[in-house]
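Numbers restart at 1 for each chain; the letters A, B, ... are given by sequence-line order, proteins then strands.
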Amino acid sequence: MRRRDEKFPDNGFEAWGGYMQAKIAKLEEQYCLQAGKNEKLSNIFNGVSIYVNGFTTPSAEELKELMSQHGGVYHTYQRSEDFVIASNLPDTKVKNMSLARVIKPEWITESIAANQLLDYKNYLLYRNSRTQPQLNFCKNIKNEVSKVEPIPLESSNTPKSEKMLEVKEECVPISVNSTSHTDVIVDQSHEISDLKKNENSTKTAADPNFISEFYNNSRLHHISQLGACFKQHVNDLRENSNFKFPARMALKDRVCLLDNPANLSPLSFEKGKTIMHIDMDCFFVSVGLRNRPELRGKPVAVTHSKGGQARPKRAGVDRNTEFSLYRQKQAKKLSKVNGIPEEEIEFESRVDNITDEDEKYGSMSEIASCSYEARDKGISNGMFMGAALKLCPNLQTIPYDFDGYKEVAYTLYNTVAQYTLHIEAVSCDEMYVDCTELLKDINISVQDFATVLRAEIKEKTGCPCSTGFGGNRLQARLATKKAKPDGQFFLTADLVEDFMVDIKLKDLPGVGRQTTHKLESIGHSTCGSLQSLSLITLQRHLGNKTGAQLFDQCRGRDLNPLSFHTIRKSVSAEVNYGIRFENNDQCIEFLKQLSAEVHSRMIQYKVLGKCITLKLMVRAEEAPVETAKFMGHGFCNVVNKSTSLNNATNDVEIITKEVIALCKKQNVDPKEMRGIGIQVTKLESSNAKPTKGAMSKFLSTTKPIKDDLKCENVSDSMEEDFVENKNICVRPKYVSPQKVKTSSSPKHKSPVMESRKSPPAKRRGRPPKNSKPNQSTSKNLMNKFLQGPNIRDTPYKDPMIKGQSISKDTPLKDPIIKKIDVNEIVQEPSSSKDTVKEEKSQGLLGLPWEKVRELLRAWLESGQMPLPCDVEMISEYLCAMVISRNIDKLNIILNFLKRRTREMNCDRWLEVYEQILEQVQNTMIAVYGKKLFIK
DNA sequence: ATCCTCCCCTAC
DNA sequence: TAAGGTAGGGGAGGAT
């Protein structure tokens with residue numbers, strides 16, 4: 001079965017997102033090498049670069065070779081200057097893309113045959129762009145290919161001409177993947193007869209290709225994946241950086257070249273911090289307009305729909321009923337908040353101006369992004385195409401270009417990352433950057449910095465962006481909004497108070513539709529107005545946290561620090577489109593596929609999970625069977641059910657089994673299902689389990705066990721893997737006592753599962769401790785990482801990854817005073833119920849040195865101050881490295897710590913470093929008789 | 001009080 | 001036609 005990995009052929013962050021550019025460079029390097037080796041036959045293609053899209057004859061591989069032999073350039077990823085070589089393009093892609101440079105492969109072969117560069121215009125795949133494409137089947141060119149025969153294609157061992165002929169016979173271009181730009185070569189011998197079917201039948205989730213087809217086309221899926229990708233990218237950049245930024249000098253030079261450098265009075269932001277928020281302007285549209293200059297300045301929208309054509313209504317659709325159900329539900333909610341009877345409530349709804357009668361404006365394709373010209377007409381993102389056309393009949397539509405978004409985003413991030421890595425990725429086109437240190441370092445004005453950076457981004461990406469600056473992330477963000485489009489704005493400390501008064505509540509981050517409605521229903525729509533409410537009042541309406549957050553926000557305050565490091569807490573996959581089952585088997589089959597999808601993501605993210613949740617959307621009884629949106633979910637009831645496993649797993653069998661069980665328990669008629677989602681939480685790293693560590697042997701006798709680290713014996717073990725390591729079991733006190741029973745069956749095959757109904761039974765044999773995990777952890781941050789002993793580079797079970805947040809347990813006495821985001825740094829070791837088999841607590845000692853470094857890094861970045869017990873714990877760890885004569889790694893960590901504490905320029909941390917160093921040196925003298933040499 | 005489960009809300 | 005995903009924060013209410 002074709003899965004979406006085809007679209008992300010590298011199946012993982014490394015290649016798909018984060019290392020994209022490296023990958024491109026590598027591919028091209030390989031190409032150059034190869035090209036260099038091959039004999040040059042001509043220079044016909046000097047100055048010509050091509051990019052091959054989809055299946056072609058000759059194949060991409062062969063075209064690459066031909067280009068190489070004849071002086072041309074072959075790109076693995078599409079550049080704007082490339083000719084696109086294609087034998088066929090998926091219908092969807094053709095509809096609106098710029099086709100002026102889409103050329104048939106015969107252009108290459110015939111040019112070679114003629115030994116001169118022929119006019120590509122004679123080989124356009126589509127003569128009139130934006131008209132119905134003429135499908136160009138390979139068979140048509142069978143005879144022409146003979147012209148190419150003299151060309152020495154046989155430079156490899158494969159008899160290519162034969163292969164080509166063979167392929168030609170069988171080849172029919174298939175629109176497998178509208179966004180793939182790698183070759184999709186499929187064995188089609190059995191698929192020709194399926195072509196028609198293929199075009200029409202991947203409609204519902206009962207089709208085996210549905211999931212990949214859907215994900216390939218889902219903008220929300222891509223937005224989500226890209227977001228995760230760039231968060232990871234920032235993680236990776238930081239991980240691999242030496243935090244030297246030579247590009248800063250070039251930046252400074254560019255500032256010097258500015259025509260109008262900012263005048264000298266420096267801007268000052270609250271708390272002396274300079275936080276920048278960058279956001280690309282209508283990102284999808286901007287990317288799409290790069291190759292469509294003719295559409296600039298016009299109202300443009302990115303959508304699946306071509307728009308415009310009136311379509312007959314599908315039988316059974318009853319939009320009026322469906323939409324009225326949405327409105328009723330909304331009214332009910334609001335009524336609950338403000339006490340006004342449902343019937344009297346007025347509010348705006350996105351379905352308001354859509355009715356059954358409007359066939360011409362009936363498209364319910366959503367607008368992913370629209371240009372500012374379109375916004376001027378009242379169009380907004382998320383609006384249905386029909387409604388948008390009503391507002392602006394000449395709205396131009398362009399298709400999605402998910403690969404383009406990825407490339408541009410990658411360029412954006414790398415541009416910023418040249419100057420600083422104090423970056424918090426928000427999404428593929430948006431980030432926060434703490435510029436405080438950067439600006440101080442190169443001593444330029446923030447205005448000049450913004451000007452130069454934005455110019456650079458525009459130059460490199462071809463897309464405009466806006467930046468906002470403030471003393472915290474909220475201010476920066478609001479500043480960006482003010483700056484848009486294609487501008488910059490500086491919300492300096494002196495402006496904040498006045499600025500906030502007029503800010504609309506709905507423009508505050510975190511205030512969405514519901515909250516806006518709630519606040520409006522109690523009479524407030526601006527920050528200035530909301531400032532009159534007391535904290536208590538706000539909390540009563542919105543809850544403690546949200547109320548406090550809003551209380552701060554409407555005054556321009558935001559105590560949430562940027563977080564540069566992200567830790568995943570859940571993995572999920574859901575499909576709420578195209579779910580139409582005729583029978584139970586189809587439903588089960590889909591559950592299996594979706595489970596496999598979740599499984600594959602868990603592999604990709606290297607996590608195991610203990611809690612599986614199934615989400616079902618089921619048609620509400622009153623809702624029409626036929627949905628207003630084609631294959632949409634319509635008006636539904638939503639149910640979530642979860643199951644807690646004893647052991648964290650990523651086993652596809654277990655996941656599938658649990659999911660099916662959860663589904664059966666719901667007893668829903670498969671015909672009524674409209675959406676299905678699977679989520680896995682309580683994550684742990686799936687890295688290898690701890691192995692026996694030598695360190696513990698001598699350390700356990702030398703380490704006093706701290707009070708809050710008190711450990712206990714574990715009488716039974718969690719899994720076989722652990723049993724043999726029982727001698728080294730350690731566990732911190734704060735870990736929840738719930739434990740996992742021994743299983744004698746092989747770990748991942750064991751279907752032993754515990755229903756969530758079961759009591760937290762595993763507590764037997766263990767006194768309930770740990771009623772306050774967060775308290776003990778906040779006492780000593782390092783405690784959270786306790787783990788089985790392990791030295792050096794042996795595989796380990798990483799306890800700090802993907803655990804649960806400890807923060808939600810922290811009660812906020814004063815909701816205005818927010819906690820520092822500790823959970824960004826540290827996580828409880830796996831689930832609180834998890835049992836790491838350990839005999840006694842040994843702090844960090846079980847962790848490999850890289851993990852400790854990672855932990856230190858995250859901690860340093862968090863702004864958390866170390867406590868004496870933390871210092872002691874770090875010292876212990878490093879001293880243990882001395883004892884185990886692991887000096888080279890010790891050196892790395894010490895140097896790391898030294899460098900970072902210097903960088904931070906924080907007295908407390910410098911002091912910490914000195915303390916730690918002292919202890920290490922003492923141990924060095926004890927063990928080696930001399931001190932460690934530190935650069 | 002605190003935890004857990006099942007939601008709801010938000011953002012991109 | 002149309003591609004209504006995904007992760008995180010947080011609240012309500014029941015169990016402990």
Output yes when at least one side-chain N/O atom of [X] is less than 4.0 Å from OP1 or OP2 of [N], else no.
X: A:Lys231; N: C:dA7; value: no
X: A:Lys682; N: B:dT5; value: yes
X: A:Arg513; N: B:dT10; value: no
X: A:Arg219; N: C:dT6; value: no
X: A:Ser644; N: B:dT5; value: yes
X: A:Thr546; N: C:dG11; value: yes
X: A:Ser642; N: B:dC6; value: yes
X: A:Ser570; N: C:dG8; value: yes
X: A:Ser572; N: C:dA7; value: yes
X: A:Lys569; N: C:dA7; value: no
X: A:Ser365; N: C:dT1; value: no
X: A:Tyr400; N: C:dA3; value: no
X: A:Lys306; N: C:dA2; value: no
X: A:Asn576; N: C:dG5; value: yes

Among [options], find the nucleotide with the atom closest to the side chain of [X].
X: A:Gln514; options: B:dC9, C:dA3, C:dG11; result: B:dC9
X: A:Arg568; options: C:dT1, C:dG8, C:dG5; result: C:dG8
X: A:Glu366; options: C:dT6, C:dA3, C:dA2; result: C:dA3
X: A:Gln225; options: C:dT6, C:dA7, C:dG4; result: C:dT6
X: A:Glu213; options: C:dG4, C:dA3, B:dC7; result: C:dA3
X: A:Asn640; options: C:dG11, C:dG5, B:dC6; result: B:dC6

* Aromatic ring proximity, centroids under 6.0 angstrom, A:His222 and A:Tyr405 ->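 Centroid separation for A:Tyr405 and A:His222: 6.0 Å or greater.
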Would you mind classifying the nucleic acid contact of [X] as base, sugar-phosphate or nothing, using non-hydrogen atoms under 4.0 angstrom?
X: A:Ser224; answer: base
X: A:Thr515; answer: sugar-phosphate
X: A:Gly578; answer: nothing
X: A:Gly634; answer: base
X: A:Arg477; answer: sugar-phosphate
X: A:Gly227; answer: nothing

Would you call [X] and [Y] a salt bridge, using N to O less than 4.0 angstrom?
X: A:Lys231; Y: A:Glu424; result: no
X: A:Glu322; Y: A:Lys629; result: no
X: A:Arg477; Y: A:Glu430; result: yes

* Structure fact -> Only one of A:Val639, A:Leu594, A:Thr643, A:Leu591 passes side-chain contact (heavy atoms from CB on, under 4.5 Å) with A:Leu614, and that residue is A:Leu591
* When you measure from the centre of the six-membered ring of A:Tyr326, is the NZ or CZ of A:Arg319 under 6.0 Å away and within 45° of the axis? ->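 No - A:Arg319 does not lie over the ring of A:Tyr326 by the 6.0 Å and 45° rule.
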Can you tell me the distance, in whole Å, between the [atom1] atom of [X] and the [atom2] atom of [N]?
X: A:Leu220; N: B:dT10; atom1: CG; atom2: P; value: 16 Å
X: A:Met364; N: C:dA2; atom1: CE; atom2: P; value: 8 Å
X: A:Phe230; N: C:dA7; atom1: CZ; atom2: P; value: 17 Å
X: A:Ile211; N: C:dG5; atom1: CD1; atom2: C1'; value: 13 Å
X: A:Gln330; N: B:dC9; atom1: CD; atom2: C1'; value: 12 Å
X: A:Lys484; N: B:dC12; atom1: NZ; atom2: C1'; value: 12 Å
X: A:Leu508; N: B:dA11; atom1: CG; atom2: P; value: 10 Å
X: A:Glu430; N: B:dT10; atom1: CD; atom2: P; value: 17 Å

* Non-hydrogen atoms of A:Tyr413 and A:Ala425 that approach each other most closely ->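 Heavy atoms of A:Tyr413 and A:Ala425 come nearest at OH-CB, 3.3 Å.
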* How far, in whole Å, is C:dA3 from B:dT10 if one measures between their C1' atoms? ->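 The same atom, C1', in both gives a distance of 22 Å.
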* Structure fact -> Those residues at least two apart in sequence (or on a different chain) that pass side chain to side chain contact (heavy atoms under 4.5 Å, CB included) with A:Met602 are A:Val571, A:Val598, A:Val607, A:Asn650, A:Ile655, A:Val680
* Nearest nucleotide by nearest heavy atom, which residue falls closer to the 5' end of DNA chain B, A:Asp429 or A:Lys329? -> A:Lys329
* Asked: Taking the six-membered ring for Trp, does A:His304 stack with C:dA3 (centroid gap under 5.5 Å, planes within less than 30°)?
  -> no
* Only one of A:Asp281, A:Asp279, A:Thr480 clears side chain to side chain donor-acceptor pair (under 3.5 Å) with A:Ser466; which? -> A:Asp281
* To do: Report the residue (A:Ser218 or A:Gln679) whose heavy-atom-nearest nucleotide on DNA chain C is the more 5′ of the two.
  => A:Ser218
* Structure fact -> Judged by nearest nucleotide, the residue sitting upstream toward the 5' end of DNA chain C, A:Glu574 or A:Thr303, is A:Thr303
* **Test log, rule salt bridge (charged side-chain N to carboxylate O under 4.0 Å, His left out), inputs A:Lys406 and A:Asp403** => CA-CA 5 Å; A:Lys406 186 171 53 183; A:Asp403 296 318; 3.6 Å; yes
* Would A:Asn560 and A:Gln549 satisfy side chain to side chain contact (heavy atoms under 4.5 Å, CB included), going step by step from the backbone distance to the final call? -> CA-CA 10 Å; A:Asn560 298 318; A:Gln549 170 91 353; 3.9 Å; yes
* Asked: If an axis is fit to five pairs at each end of the helix from B:dA1-C:dT16 to B:dC12-C:dG5, what is the angle between the two, to the nearest 10°?
  -> 10°
